Amino acid sequence: MQQLFNGLLIGSFYGLVAIGYSMVYGIIKLLNFAHGDIYMIGAFSGLVFLSIVSPYIGAGWPALILGMLITMLLVGLLGVFIQRVAYRPMLKAPRLSILITALAVSMILYNTVMLLSAGRYRAFNVEISSESFYLGALRLTETRVVLIVAAFALMFIMHMFITKTMYGKAMRAIALDRDTCQLMGIDVYKIIALTFFVGSALAAAAGIMAGVYYGTIHFYMGFLIGLKAFTAAVIGGIGIIPGAMLGGLLLGLLEAFGTQIPFIGTQWKDVFSFAFLILFLIFKPNGLLGRSESERM
Amino acid sequence: MFNIKKHWILMLVAAMLVFGAFGCGEDAADPGDEAPVDENGEAPADFEGQVLIGIMVPTTGSEAADGTDMENAALLAVQEINAAGGVMGHELVTTTGDDGCDPSMATAAASQLVSEEVVALVGGYCSGATLPTLAIYGEAGIPFVIAASNATSLIDENPGWGFMINSTGLDQAATAVAQFEALGVETIGVIDSGDAYSADLKEQTIIQWEEAGYEIVADDTVQRGEVDFSAFVTTIMSTQPDGIYWTGYQAEGALLIRQLREGGYEGEIIVGDGSSAQELIDLAGDAAEGVYCTGPPLTDFLPAAQSFIEGYEANFPREPGAYAALMYDATNLLADAMERAGSFDSAEIRDALEATDGFEGLAGPVMFTEENTLARSNFVVLEAKDGRWSLAE
């Protein structure tokens, strides 16, 4: 039961990061390897914001929510900036070139943060009561409840945005056929920029939530979660937004329960996830929600 | 045509940026550069020549903080030695290899140091990274004073050119067992981070704990860099051991302590010397209060180290970490061995190191066993109190 909750919480972090991965892949067919680092930047920006405002309004929930909104905005803009500077000039280049560009962006981002943070782990201290209470056999803290509610709320808002708004419709249309959209009068570049903004903002939110949950952050924290988010996106069907959320939650649960199997200790957690990724790539390469279609290269 | 050209240029710029970022990264994790060895404010003395010694510590990666502290301590020792006229009229100069706390990086760093023709080496923080380098230095015939690494596996792999001035895992496991007994603990859970050092300390602790007639109720391993310990916490809450021993490093240790306390665990927690940096308490916050540590002789508790601390803080904009004193000792011991050998020949330095008899370091006298390990235990029990480590009563 406890592991179910833990799995859902971790899974929702994976899901939030995976959404950005999946959206970007859907729209410009780019595996954005820098996305994990956006998550890390989100966590660091949140920390910087908190340390600036905490003398005035403390580091409780009001500061945290404000920090989250501002960080999402700033990091979203950073995502747009990266897209404009690094990816847009490469949109018509072979796919491999833009992939390598994404790797370069990733290295630039984490090395920059390493410089600024002196490579040290940083404590993400918030003033939130860590009193725990029980719900049946489930041990909860205020933090955990708020985090999981916030994560699911963000996913829900995201889902509504994609399915119900004009912009969401445009995104889905571009994912289907970019050139036709351009001919139909959709400002493709603007929509791509918007995609990066939303994806980066969600990753930043996940970064801050992870900071609050674990209490420490590090310049390299984005690397593994980037890979996990990729796994989640593939499991759900890459390019499909609800699939990314589902994949993230599923991966979180898999890890939580996989480590409870006797003789599979915590050290096998990542092996477990990535073995699952390979199984999916072999047997169901289009993911859980993906329609099978012949590969067009 | 124009399009292709444009993209080539972009790729080139991207590549330059990447390498630029890498280059900067190394500088950043290396504040030692801020106090070059030769610029000690005095007129350069007349040296007969230079002697190159290698420093091998992690200056990047998760253990960059401790590694940099150690590098700084070695630079400080070298600076002081040179200011006092060097070793037999020769100036000591250093070159640093970054082992990244990673076996493959360490192998590359060791080969690089060997090719630079260092006459001797100091360093060694992560045992897992130090382990594969022992054979490389042994083959090249270069003596290596190992300042911090202390897994028992190093003893077996040592071809005779490594000298360990930190007590080994056997001594530490004994200290941990004694501390658990003193706390009235009867069942423990153990957890390590999968590298040579922490796995070894965990194994030694399990053996000694069971020999003492007690029970191990939980045993787990996590990966380096793990952030989520919920599986272990769940196991702990169902098996309820009286005590927990974490044998890994502080970055993961801080998270483990936080998550254990948040998960409702109220028993005793002891951490190994890999987690003895102040950073553990800073990162774990209030959760760290009352945690014990089987630690190295921390600089703060060594009466002989006061002038060292002052010298360190005057030269570097940070506090010396847990292993800085040992690294300072290692460097001075090496210089002492050169003097005693009366030579800069690697083999003669090795013999002189072997013959070391009571060299007075900050952390106490140094003497080696036949296996080149320190001939006494230097472990102490520390307790986290009011956000600082202090000696436990």
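Predicted model, so just to flag it, every value in this text is computed and none were measured. Residue numbering restarts at 1 for every chain, and letters A, B, ... go by the order of the sequence lines.
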Output the distance between atom OG1 (Thr216(A)) and atom CG (Leu280(B)), rounded to the nearest 0.5 Å.
10.5 Å

Does Asp270(A) reach the side chain of Gln223(B), with side-chain heavy atoms less than 4.5 Å apart?
yes

Part of Asp228(B) within contact of chain A (heavy atom distance under 4.5 Å)
both

Give, for atom OG1 of Thr60(B) and atom OH of Tyr220(A), the distance between the pair rounded to the nearest 0.5 Å.
10.0 Å

Between Leu283(B) and Tyr121(A), the two heavy atoms sitting closest are CD1-CB, 3.4 Å

Please classify the contact between Arg224(B) and chain A as side chain, backbone, both or neither, with a heavy-atom cut-off of under 4.5 Å.
neither

Option in Gly225(B), Ala284(B), Gly194(B), Ala251(B) with maximal non-hydrogen atom pairs under 4.5 Å from chain A:
Ala251(B)

What are the two closest non-hydrogen atoms of Thr141(A) and Glu262(B), and how far apart are they?
CG2-CG, 4.1 Å

Counterpart residues, side chain to side chain donor-acceptor pair (under 3.5 Å), relative to Asp200(B) (two or more places apart):
Thr152(B)

Return the minimal non-hydrogen interatomic distance between Tyr214(A) and Gln259(B), and the atom names on each side.
CD2-NE2, 3.3 Å

Turns out that what part of Phe257(A) lies under 4.5 Å from chain B's heavy atoms comes down to neither

Where on Leu140(A) is there a heavy atom nearer than 4.5 Å to chain B: the side chain, the backbone, both, or neither?
neither

Is atom CZ of Phe81(A) surrounded by more than 12 heavy atoms (other residues, nucleotides or ligands) closer than 6.0 Å?
no

Chain B contact via Arg122(A) - side chain, backbone, both or neither, heavy atoms under 4.5 Å
backbone

Shortest non-hydrogen contact from Asn6(A) to Ser230(B)?
ND2-CB, 3.1 Å

